[in-house]
Amino acid sequence: MTKNPTWISDWRPEDEAFWNATGKTIARRNLIWSIVAEHIGFSVWLIWSIVTTKLPQAGFHYTTDQLFQLVAVPGLIGALMRFPYTFAVTTFGGRNWTIFSAAILFIPTLSLAYFVSHPDTPFWLMLLVASTAGLGGGNFASSMTNISFFFPDRMKGWALGLNAAGGNIGVSSVQLLTPILMTLAVFNLFQATPVDGIFLQNAGLMWVLPIAIAVFGAVFYMNNLTSAKSSVKNQLAIVKRKHTWIMAYLYIGTFGSFIGYSAAFPLLIKTQFPQVTIAIAFLGPLVGSLSRPLGGWLADKIGGSIITFWNFIVMAGATVGVLYFVGQKDFIGFLSMFLILFVTTGIGNGSTYRMIPSIFREENLFKVRGKGDAARALALKTASIESGAAVGFIGAIGAVGGYLIPTGFGKSIAMTGGPQLALAIYLAFYASCLALTWWFYLRRSPQGEGAASLAEARV
């Protein structure tokens, strides 16, 4: 194997001898540091979900709808950033891009630390500062694209699920640690000064050292793969694939729900149950993150489309439960239903992401059926490139849920006084996801070889 400290030119994860001799160790090392960088990226992305709940107390006079906008805009920017981040890995190399994408997180963290200590900051400027947190949202696309090249197909569900869960759990970290570090003077980071007894600056400053560690780890312990190099033009072929758009829609239902609910949950608790501490909000993203590898594992064993289908049924049921209990003002019921909803977003995240490489593999192999081993090998390589690009592209579209869900709650509360209208719309959306999953991936029909072959392959 030709290898220098940064680039690996010979990479054959499907070759079992190669994998057991050297591939496994290298892949796992890259996975570990990918998780570290992505974890911090998610944490930075969701900082404002907690900071907004404390702004009124610190002297910022913003409306409830404006606070939900501060929560929502990093979701939108994060979704947009995922498009260039998806193609950056195959252009610059996974290691190189991880170094850059981690280092750039100093911008949102330090700018937050500065502006939250100035209660006279106008809303438009604070919205601009909040939007820079979206840089953390882009990390997921490049990280998932990168890791998809390192592991053999039989382990992709597990590896991508673990990578995603390690990142997703950053949402829980930021929502658990930030309230503690903002209110205790003993954690007076870098001599921060309190605003009305709250160390709001700590929400940004607490990530400075972890970001530095992530950059260090990427520099010294990660690798680029020459086999993962591909032109943007070749990867953009996935935009013309029907299944790219179908899976993107389904992923709004799973990951979009996870990141959207995670962003909105603390502020939703604050507005609907003002007597309850928002410190409990971290439980939602925690169970959603921990259940993601379970979704990937179940999809590996049973089939991604089957798990996704049943998962949307449970999501719909949990949404009905949230609707009922928020109307009853029953916090225990509300929390219980929301935690079930978070678990299903995690399982669905894992199962839908497992479906993507399977779909592209089956589609490409179908085209070369009966054409020999050389054609099959080329089809598998094409499928690897396309599924890597699709993983990032679909992740980018799915992330718009991080904007749509908090915005929906904000508008619903402003128009009707409660979140029920928004929840009813989300419920209808899950019903459409359920129908699409069945029609394209579970329906065994002689018409349209696509539906029939993909159902038989249990993608």
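Keep in mind that the numbers below use all heavy atoms, side chains included, and drop hydrogens, waters and symmetry copies.
Side-chain rings of Tyr353 and Tyr251 approach one another, their centers coming within less than 6.0 Å. A centroid separation of 6.0 Å or more is found between the aromatic rings of Tyr430 and Tyr426.
By the 4.5 Å heavy-atom criterion applied to side chains, Phe393 and Glu386 are not counted as neighbours. Side-chain contact between Ser336 and Ile332 is present, with heavy atoms from C-beta onward closer than 4.5 Å. Residues Tyr441 and Leu250 meet the side-chain proximity criterion, which asks for heavy atoms closer than 4.5 Å. Proximity of Val320 to Leu427: side-chain heavy atoms (C-beta onward) are separated by under 4.5 Å at one or more points. Using a 4.5 Å heavy-atom threshold, the side chains of Ser148 and Leu160 count as touching. Inter-residue side-chain proximity for Ile35 and Glu38 is flagged as unmet; no heavy-atom pair is nearer than 4.5 Å. Using a 4.5 Å heavy-atom threshold, the side chains of Leu31 and Phe150 count as separate. When side chains are defined from C-beta on, Phe123 counts as touching Leu70, because their heavy atoms get closer than 4.5 Å.
Using a 30° and 60° split on the angle between ring planes, Tyr249 and Phe429 fall in the tilted class, from 30° to 60°.
Scanning both residues, Ala203 and Ile47, for their nearest heavy atoms gives O-CD1, 3.6 Å. In this structure, Ala113 and Gln201 approach most closely via the heavy-atom pair O-CG, 3.1 Å. Taking all atoms of both residues into account, the shortest heavy-atom contact from Ser43 to Gly170 is OG-O, 3.0 Å. In terms of heavy atoms, Trp11 sits closest to Phe149 at NE1-O, 3.2 Å. Pairing each heavy atom of Arg82 with each of Gly137, the nearest pair is NE-O, 2.8 Å. Taking both residues in full, the closest heavy atoms of Thr98 and Ala37 are given as CG2-CB, 3.7 Å, listed atom of the first, atom of the second, then distance.
Without hydrogens or angle criteria, Asn223 side chain to Trp7 main chain gives no donor-acceptor distance under 3.5 Å. The backbone N or O of Thr254 lies less than 3.5 Å from no partner atom in the side chain of Thr345, so there is not a single donor-acceptor pair. The main-chain N or O of Ala263 is never found under 3.5 Å from a side-chain atom of Ser49 such that the two would form a donor-acceptor pair. Side chain of Gln175 to main chain of Ser262: a donor-acceptor pair is present (N/O by atom type, distance under 3.5 Å, no hydrogens or angles). With Thr109 contributing its side chain and Phe106 its backbone, the two residues share a donor-acceptor pair below 3.5 Å. Between the Asn202 side chain and the Thr178 main chain, no donor and acceptor come within less than 3.5 Å of each other. The main-chain N or O of Gly418 is found under 3.5 Å from a side-chain atom of Ser412 such that the two form a donor-acceptor pair. With Thr416 contributing its side chain and Ile413 its backbone, the two residues share no donor-acceptor pair below 3.5 Å.
A donor-acceptor pair shorter than 3.5 Å cannot be found between the side chains of Thr308 and Thr437. Side-chain atoms of Asn311 and Thr344 include no donor-acceptor pair closer than 3.5 Å. Side-chain contact annotation: Ser358 with Arg354, donor-acceptor N/O pair under 3.5 Å present. Counted by atom type alone, Arg292 and Asn168 present one or more donor-acceptor pairs between their side chains at under 3.5 Å. In this structure, a donor-acceptor pair under 3.5 Å is present between the side chains of Ser143 and Asn163. Side-chain contact annotation: Gln69 with Thr407, donor-acceptor N/O pair under 3.5 Å absent.
From Leu283, atom CG reaches atom OG of Ser172 across 7.0 Å, with rounding to the nearest 0.5 Å. Once rounded to the nearest 0.5 Å, the distance linking CZ of Phe331 with CD of Gln272 reads 11.5 Å. The distance from atom CG of Leu110 to atom CG of Leu205, rounded to the nearest 0.5 Å, is 7.0 Å. With values rounded to the nearest 0.5 angstrom, Asn30 atom CG is found 8.0 Å from Ile26 atom CD1. With values rounded to the nearest 0.5 angstrom, Glu363 atom CD is found 4.0 Å from His243 atom NE2. To the nearest 0.5 Å, atom OG of residue Ser291 and atom CG of residue Asn349 are 7.5 Å apart.
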The test is side-chain contact (heavy atoms from CB on, under 4.5 Å); show your working for Phe409 and Val71 and say whether it passes.
CA-CA 11 Å; Phe409 279 134; Val71 169; over 6 Å; no

Does the ring-ring contact (aromatic ring centres under 6.0 Å, His included) test come out yes or no for Phe325 and Phe338, once each step is laid out?
CA-CA 10 Å; Phe325 286 112; Phe338 237 120; over 10 Å; no

Audit row: Phe309, Leu434, side-chain contact (heavy atoms from CB on, under 4.5 Å) steps and yes/no:
CA-CA 6 Å; Phe309 178 81; Leu434 183 67; 3.5 Å; yes

Evaluate the side-chain contact (heavy atoms from CB on, under 4.5 Å) criterion for residues Trp97 and Thr91: first the C-alpha distance (whole Å), next the side-chain angles of each, then the deciding distance (0.1 Å), finally the verdict.
CA-CA 9 Å; Trp97 192 254; Thr91 305; over 6 Å; no

Test side-chain contact (heavy atoms from CB on, under 4.5 Å) on Asn139 and Phe42; report intermediate values, then the result.
CA-CA 8 Å; Asn139 284 21; Phe42 263 95; over 6 Å; no

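Evaluation of the salt bridge (Lys or Arg N to Asp or Glu O under 4.0 Å) rule for Lys411 yields Asp65 as partners, not counting sequence neighbours. Every residue two or more places apart in sequence or in another chain that forms a side-chain contact (heavy atoms from CB on, under 4.5 Å) with Pro152 is listed here: Pro13, Glu14, Trp19, Arg154, Met155.
Checking each of Thr244, Thr382, Val391 against Phe360 for a side chain to side chain contact (heavy atoms under 4.5 Å, CB included) leaves exactly one that passes, namely Thr244. With Phe140 as the partner, the ring pair (Phe, Tyr, Trp, His ring centres under 6.0 Å) test is satisfied by one option alone out of Tyr85, Phe255, Trp45: Phe255.
Other residues, nucleotides and ligands contribute only 12 or fewer heavy atoms inside 6.0 Å of the OH atom of Tyr403.
Annotation: cation-pi pair Arg28/Phe151 absent, no NZ/CZ under 6.0 Å from the ring centroid and within 45° of its normal.
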